[in-house]
Amino acid sequence: LIHADACRHDARRIPELVAALRAAGYMDPHAAAPDALRYGHWLFAQGQFPAARELLDPYAAQVADTPLHVAHAIALLGCGELAAAAAVLEAVPPPHDDPEYHYQLGECRRLQGRPAEAAEAYRAGLALARNDTQRAILQDASAESRKHRLPCQTIENALAHDIVATASSF
């Protein structure tokens, strides 16, 4: 894991980071899963969805952890694998305290061309939103007015993307 942390500071070393964390996962997937999840989110922020998928695939197969499965679904969405992402989310119980699961399920449905099911998922997430930012994102998504939104964003990053997109359009 120390090797993975050293690689994080140099984007050219992402394959090394993924290999180091996969090796840690083979030794003890339950102990290494929190680090894999943290680095998976870091890879999302770098736009490295294929690398995140490569990292998270073996953990998702071995560790029963809803946040890990949600991250795996984000990676699959980023790779354009909509049906696989939806299947991953549908295979785990929806959390009762985190809107991210519902937001990502809504994204799967929206990208699959199923707007009514997407709106239903967004509304379920809205009921669990913990702050104004999450509420704003989920309200906007459930109203289906965000057609310009990029897929595979975490709920925290969606608003930041919209701010950048709006600023760059002026």
Side-chain angles (χ1 to χ4, degrees), residues 5 8-9 11 14 17 21 33-53 55-56 59-60 63-170:
D5 197 46
R8 185 173 66 97
H9 301 289
I14 287 175
L17 178 143
L21 284 164
D35 289 309
L37 183 59
R38 180 169 53 100
Y39 284 110
H41 281 278
W42 178 79
L43 290 166
F44 299 153
Q46 306 304 308
Q48 297 289 328
F49 294 101
R53 180 188 179 203
L55 169 62
L56 295 170
Y59 287 95
V63 178
D65 177 66
T66 300
L68 183 68
H69 288 276
V70 171
H72 187 226
I74 293 169
L76 291 165
L77 276 169
C79 293
E81 298 181 39
L82 308 179
V88 164
L89 292 171
E90 292 165 350
V92 297
H96 300 289
D97 61 350
D98 187 4
E100 184 73 38
Y101 168 93
H102 300 284
Y103 177 79
Q104 297 303 335
L105 185 60
E107 289 294 272
C108 288
R109 298 299 185 231
R110 179 181 68 83
L111 294 167
Q112 290 174 318
R114 297 159 61 181
E117 293 174 56
E120 181 180 322
Y122 295 136
R123 283 191 297 274
L126 184 58
L128 301 174
R130 294 176 291 218
N131 57 52
D132 290 341
T133 301
Q134 289 179 346
R135 274 187 282 287
I137 292 166
L138 287 157
Q139 283 173 339
D140 199 20
S142 67
E144 301 178 72
S145 64
R146 301 179 53 152
K147 304 279 188 242
H148 67 282
R149 189 177 52 226
L150 292 175
C152 317
Q153 299 177 50
T154 63
I155 195 168
E156 288 80 14
N157 292 338
L159 185 61
H161 171 267
D162 285 353
I163 290 168
V164 170
T166 302
S168 65
S169 68
F170 290 112

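As the structure is a computational prediction, the values presented were derived from the model and not from experiment. In this chain, residues are counted from 1 in sequence order.
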- Given V92 and Y101, is the side chain to side chain contact (heavy atoms under 4.5 Å, CB included) satisfied, shown in steps? CA-CA 10 Å; V92 297; Y101 168 93; 3.9 Å; yes
- Task: Can you see which heavy atom on A71 is nearest to which on L37, and at what distance?
- Result: CB-CD1, 3.4 Å
- Message: With rounding to the nearest 0.5 angstrom, report the CD1 to SG distance, I74 to C79.
- Response: 12.0 Å
- Task: Would you mind reporting whether L89 and H69 have side-chain heavy atoms less than 4.5 Å apart?
- Result: no
- How many angstroms lie between atom OH of Y122 and atom CG of D140, to the nearest 0.5 angstrom? 10.0 Å
- Quick one: CG on L76 to CD on Q104, what's the gap to the nearest 0.5 Å? 11.0 Å
- Message: Run the salt bridge (charged side-chain N to carboxylate O under 4.0 Å, His left out) test against D132 and tell me which residues pass, sequence neighbours left out.
- Response: R135
- Just how far is it from atom CZ of R53 to atom CD of E81, taken to the nearest 0.5 Å? 4.0 Å
- Query: A86 and C108: which non-hydrogen atoms are nearest, and at how many Å?
  - Reply: N-SG, 3.7 Å
- Closest non-hydrogen atoms of P99 and A129, given as atom of the first, atom of the second and distance, are CG-CA, 4.1 Å
- Message: On a heavy-atom basis, which atom in H102 and which in P95 lie closest, and how many Å separate them?
- Response: NE2-O, 3.8 Å
- Item | Non-hydrogen atoms of G40 and L56 that approach each other most closely | CA-CD1, 4.4 Å
- Atom pair CG/CZ of L77 and F44 - distance to nearest 0.5 Å: 9.5 Å
- Query: Is there a side-chain contact between D98 and P67 (heavy atoms, below 4.5 Å)?
  - Reply: no
- Task: Decide, yes or no, whether a salt bridge links E107 with R110 under the criterion of side-chain N to carboxylate O below 4.0 Å.
- Result: yes
- Closest heavy-atom pair, A119 versus S142, reported as atoms and distance to 0.1 Å, is CB-O, 3.8 Å
- Query: Quick one: OH on Y59 to NE2 on H72, what's the gap to the nearest 0.5 Å?
  - Reply: 12.5 Å
